[in-house]
Amino acid sequence: MTDITTNEGVSIITFGNIPFDSESEFICKVFSAAAREKINIDMISKTPVSADSTSIGFTFADEDMPRMLKAAKEVNSDKPPMINSGNVKFVIKSAEMVTGVGFAENVFKALAAAKANPILITTALDEISVVVRESDSADFETELRKVF
């Protein structure tokens, strides 16, 4: 059995060009600033180090945008973060994902069929979470229901 849930009003903030030699310190500053602003952080994604730098991004509720902007300003990064709001998060959960194969393939088949580009993807043992633009969400959901 596969369970598909959606959450609307999702924003993503990405801090890029974080020097590798201070990434843990920077990321701690970001999460501390968000915590002080009482922002619930959801999906977290960090890129592998490339040319001595990395980036980190995470999701939060659109309604928390004013507080997130305040937290981001507090961090004082060299480069302003990229922010994308008004998105929809899909959580595709199934026990089949633990031992089966092809689960991710089906998610990407649905994305391709819907012509929806994922903005952020994270996984857990038995689920894949995908954030897409709101304008792509209905088609993506239709295609997900076809493959699952």
Side-chain angles (χ1 to χ4, degrees), residues 2-94 97-98 103-145 147-148:
T2 300
D3 184 38
I4 301 169
T5 58
T6 61
N7 298 70
E8 296 179 352
V10 175
S11 289
I12 300 170
I13 188 166
T14 305
F15 294 88
N17 205 25
I18 303 166
F20 175 67
D21 61 352
S22 62
E23 73 175 313
S24 292
E25 181 182 333
F26 180 83
I27 293 168
C28 182
K29 282 174 56 177
V30 169
F31 289 147
S32 294
R36 279 191 296 280
E37 291 298 322
K38 308 263 190 269
I39 298 167
N40 182 1
I41 293 172
D42 187 16
M43 299 169 67
I44 301 171
S45 177
K46 182 188 162 302
T47 61
V49 175
S50 173
D52 297 329
S53 69
T54 188
S55 67
I56 187 161
F58 52 87
T59 61
F60 61 96
D62 283 352
E63 64 194 33
D64 291 335
M65 184 65 73
R67 293 193 320 274
M68 181 54 73
L69 291 173
K70 182 178 175 189
K73 187 175 181 180
E74 183 181 319
V75 173
N76 291 326
S77 65
D78 294 340
K79 183 177 164 186
M82 294 186 315
I83 300 174
N84 184 313
S85 59
N87 304 297
V88 179
K89 175 182 144 183
F90 288 81
V91 179
I92 306 102
K93 186 176 178 89
S94 177
M97 191 173 158
V98 177
F103 197 83
E105 175 191 16
N106 285 333
V107 171
F108 279 88
K109 277 182 181 176
L111 282 163
K115 295 183 176 39
N117 292 316
I119 300 171
L120 183 65
I121 302 170
T122 61
T123 63
L125 183 63
D126 64 350
E127 69 183 39
I128 297 178
S129 297
V130 181
V131 176
V132 299
R133 294 179 306 202
E134 184 178 6
S135 60
D136 292 335
S137 64
D139 291 341
F140 180 46
E141 184 167 11
T142 297
E143 294 301 328
L144 278 173
R145 302 227 181 258
V147 297
F148 291 109

Indicate the atoms forming the closest heavy-atom contact of [X] with [Y], along with that distance.
{"X": "K38", "Y": "R67", "result": "O-NH2, 3.3 Å"}
{"X": "I121", "Y": "F108", "result": "CD1-CZ, 3.3 Å"}
{"X": "E134", "Y": "V88", "result": "CA-CG2, 4.0 Å"}
{"X": "K29", "Y": "V75", "result": "NZ-O, 3.4 Å"}
{"X": "N87", "Y": "S11", "result": "ND2-CA, 4.4 Å"}
{"X": "I128", "Y": "A104", "result": "CD1-CA, 3.8 Å"}

Going by heavy atoms in the side chains, are [X] and [Y] under 4.5 Å from each other?
{"X": "S137", "Y": "T6", "answer": "no"}
{"X": "M65", "Y": "I83", "answer": "yes"}
{"X": "T14", "Y": "N84", "answer": "no"}
{"X": "V107", "Y": "F90", "answer": "no"}
{"X": "I56", "Y": "F31", "answer": "yes"}
{"X": "K46", "Y": "T54", "answer": "yes"}

Which value, rounded to the nearest 0.5 Å, describes the distance between [X] atom [atom1] and [Y] atom [atom2]?
{"X": "D136", "Y": "K115", "atom1": "CG", "atom2": "NZ", "value": "11.0 Å"}
{"X": "K89", "Y": "I12", "atom1": "NZ", "atom2": "CD1", "value": "10.5 Å"}
{"X": "N106", "Y": "L144", "atom1": "CG", "atom2": "CG", "value": "9.5 Å"}
{"X": "F148", "Y": "K109", "atom1": "CZ", "atom2": "NZ", "value": "10.0 Å"}
{"X": "F58", "Y": "I44", "atom1": "CZ", "atom2": "CD1", "value": "8.0 Å"}
{"X": "K79", "Y": "I18", "atom1": "NZ", "atom2": "CD1", "value": "10.0 Å"}

Expected output: side-chain [X] to main-chain [Y] donor-acceptor under 3.5 Å:
{"X": "T59", "Y": "M43", "result": "yes"}
{"X": "D3", "Y": "K93", "result": "no"}
{"X": "D52", "Y": "F20", "result": "no"}
{"X": "D62", "Y": "G86", "result": "yes"}

Name of the residue among T47, V49, N17 meeting side-chain contact (heavy atoms from CB on, under 4.5 Å) with S55: T47
E141/R145 ion pair, N-O < 4.0 Å: yes
Over 12 foreign heavy atoms within 6.0 Å of NZ, K70: no
Stepwise side chain to side chain contact (heavy atoms under 4.5 Å, CB included) check, I92 with T2: CA-CA 7 Å; I92 306 102; T2 300; 3.7 Å; yes
